[in-house]
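Remarks on the structure that follows.
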Amino acid sequence: MKSSSDDWVWTRIGGESPPPGDDHAAVPLSSEQSQRLEAETRLDKGLADALASGGKCPEALWEHLRTQLTVREHAAPSFMQRLARRRMTVAALAASLLVVASSGLTAVVLRPSSTPEMGKMLWQSAPPPANGAVKARVASKMERASPAEDAAEFERLAAEAQSAAKAAQDDRDRAIAERDQAFAERDSAHAQLQEVTKELGLARSESEMLRATLASASAESDSIRREVNGLRQVASGLGVDFDIWLPSIKALEPADGALLSMAPPEETRSMP
Amino acid sequence: MDGFVAAIEQHRDLFYRFVLRNVWDPSHADDVFASAVLSAFENRHQFVPGTNFRAWMFRVLANKCFVANRETMRESTSAEPDLASALPAPDSPHYAAILEDPAAFLEHCGDEVFRAFRSLSTAQRMCILLKDVDHFSYQEIAEILAIPVATVITHLGRGRARLRAELVEYAQSVGIFRLVPRPVAKGCASAGSRTGRVTR
């Protein structure tokens with residue numbers, strides 16, 4: 001049994017038909033309810049119209065998206081597509097291996113039990129419809145009616161495959177050796193770089209130390225200069241000739257920042 | 001690709017408006033819309049030809065909006081609206097006055113409708129937009145949002161009620177209606193009794 005609230009819900013929600021078996025239509029609405037329902041429907045419609053207004057997609061955004069879609073279309077395939085392609089490749093490879101293995105197995109099965117007559121029968125039973133070079137090859141094969149010849153051919157092919165595998169192995173070993181040599185050279189260069197970096201750090205620290213020494217010497221020179229100036233004033237007050245030459249410590253600083261071996265400044269003092 | 005772009009272009013305003021109305025931060029609408037379109041393009045092989053492309057695209061957009069709103073919630077303090085406050089429309093004189101002339105009231109509201117709409121939960125907003133604006137059936141909305149039909153109906157009912165309650169609150173706060181109290185008939189809802197009128 002449905003409650004009246006259910007009926008109210010079904011009559012309020014947009015006028016869509018209720019699920020089958022719903023007997024809401026059996027309950028008539030009063031005039032007030034009908035008016036209210038109509039007013040609420042108009043309110044909902046007005047709200048929907050308001051929500052549907054505006055909000056257009058900006059043209060610039062759409063153009064940007066269209067460009068991106070075009071670029072992606074022409075870009076590399078997605079991961080799933082690549083995976084699917086790879087799966088197809090693997091399946092094709094497996095199928096070809098299966099064919100080769102089955103043909104080899106057939107040859108092995110037939111080999112011990114086959115007699116020259118059977119071999120002749122097998123080779124001559126169904127000659128392929130071919131012409132030209134293919135026909136010649138088929139004819140040469142048909143002439144080789146003995147399984148012993150087939151075995152020799154098989155052994156020859158196996159030997160060729162073995163030599164090819166050996167050559168590939170040699171190539172691989174050579175490539176590995178070259179790679180190891182390149183790694184060794186890289187390590188050696190890295191070690192040299194580290195050594196040079198270390199020496200550069202030492203040189204920098206020495207340079208900083210010498211720069212500090214030069215600064216302290218400059219400060220001492222300034223203090224001596226101040227003392228000499230004081231003595232000059234005292235001597236001039238006493239009427240005594242006092243002359244002293246002080247070399248400028250600044251002149252000893254190299255222009256390019258390199259440090260020179262600095263001799264102590266010579267002082268010349270002449271006292272009467 | 002041309003078919004895909006043409007299909008998107010045909011409904012791009014619908015799709016963009018759906019995103020704009022559903023993300024909590026409207027400044028993210030462009031990013032969410034672009035992300036949804038590109039994601040749909042990457043997975044276009046999942047669309048079954050002959051089915052409703054609009055519904056399929058709305059499903060992608062809805063998922064993107066949910067994700068964007070979750071991220072916005074982490075960043076900001078604006079949480080999901082309190083469901084307990086999503087009461088049915090108030091049976092107040094103001095509501096009765098609104099029902100007297102809904103068009104005039106909505107014209108007066110302006111952008112207040114969007115503000116009230118933003119106070120709804122994401123699911124409620126999506127249900128209202130898909131039903132009232134894009135005219136999907138309940139079954140289609142349920143498939144788009146991957147929820148039962150009954151839940152769609154619940155979201156619609158609560159969302160509409162909450163929207164009305166917000167608008168009534170707005171009408172009360174700004175004093176759109178000058179109420180003229182009149183005696184209310186016994187057992188009669190306020191809809192029938194004319195308790196106010198629009199003073200525009």
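Residue numbers start from 1 in every chain, and the chains themselves are labelled A, B, ... in the order their sequence lines are given, proteins ahead of strands.
Taking 4.5 Å as the limit, every side-chain heavy atom of A/Leu69 sits out of range of all side-chain heavy atoms of B/Ile8. The closest side-chain heavy-atom distance from A/Leu51 to B/Asp132 is not below 4.5 Å. Within the 4.5 Å cutoff, no side-chain heavy atoms of B/Tyr16 are placed close to those of A/Lys56.
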Self-check item: side chain to side chain contact (heavy atoms under 4.5 Å, CB included) between B/Arg164 and A/Asp44, intermediate numbers included
Solution: CA-CA 9 Å; B/Arg164 290 171 194 154; A/Asp44 287 341; 2.9 Å; yes
Self-check item: Check against salt bridge (charged side-chain N to carboxylate O under 4.0 Å, His left out), B/Glu9 and A/Arg66
Solution: CA-CA 9 Å; B/Glu9 190 164 17; A/Arg66 182 196 284 274; 2.9 Å; yes
Self-check item: Verdict with supporting geometry, B/Val5 and A/Trp62, side chain to side chain contact (heavy atoms under 4.5 Å, CB included)
Solution: CA-CA 10 Å; B/Val5 173; A/Trp62 176 246; 3.9 Å; yes
Exercise. Check step by step if side chain to side chain contact (heavy atoms under 4.5 Å, CB included) holds for A/Cys57 and B/Phe33.
Key: CA-CA 9 Å; A/Cys57 179; B/Phe33 177 69; 3.7 Å; yes
Self-check item: Verdict with reasoning, B/Leu99 to A/Leu43, per side chain to side chain contact (heavy atoms under 4.5 Å, CB included)
Solution: CA-CA 7 Å; B/Leu99 289 182; A/Leu43 178 62; 4.1 Å; yes
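Annotation for A/Glu160: atom CD counts as buried by contact number, over 12 foreign heavy atoms lying within 6.0 Å. Other residues, nucleotides and ligands contribute only 12 or fewer heavy atoms inside 6.0 Å of the CD atom of A/Glu195. Annotation for A/Arg156: atom CZ counts as buried by contact number, over 12 foreign heavy atoms lying within 6.0 Å.
Annotation for B/Pro102 and A/Ala39: closest pair CG-O, 3.8 Å, computed over non-hydrogen atoms. For the residue pair A/Leu61 and B/Ala34, the shortest heavy atom distance occurs at CD1-CB, 4.5 Å. Residue B/Tyr95 comes nearest to A/Arg36 through the heavy atom pair CE2-NH2, 3.4 Å, listed as atom of the first residue, atom of the second, then distance.
The part of B/Leu129 that comes within reach of chain A is its side chain, from C-beta onward, which places non-hydrogen atoms under 4.5 angstrom from that chain. Both the backbone and the side chain of B/Arg12 come within contact range of chain A, with heavy atoms under 4.5 Å apart. Looking at B/Ala103, neither its backbone nor its side chain comes within 4.5 Å of chain A, counting heavy atoms on both sides. Proximity to chain B (any heavy atom under 4.5 Å) is shown, for A/Ser53, by both the backbone and the side chain.
For chain B, the option among A/His64, A/Glu59, A/Lys45, A/Glu38 with the highest count of heavy-atom pairs below 4.5 Å is A/Glu59. Of the listed residues (B/Leu167, B/Val133, B/Val37, B/Leu38), the greatest number of heavy-atom pairs within a distance under 4.5 Å of chain A belongs to B/Leu38.
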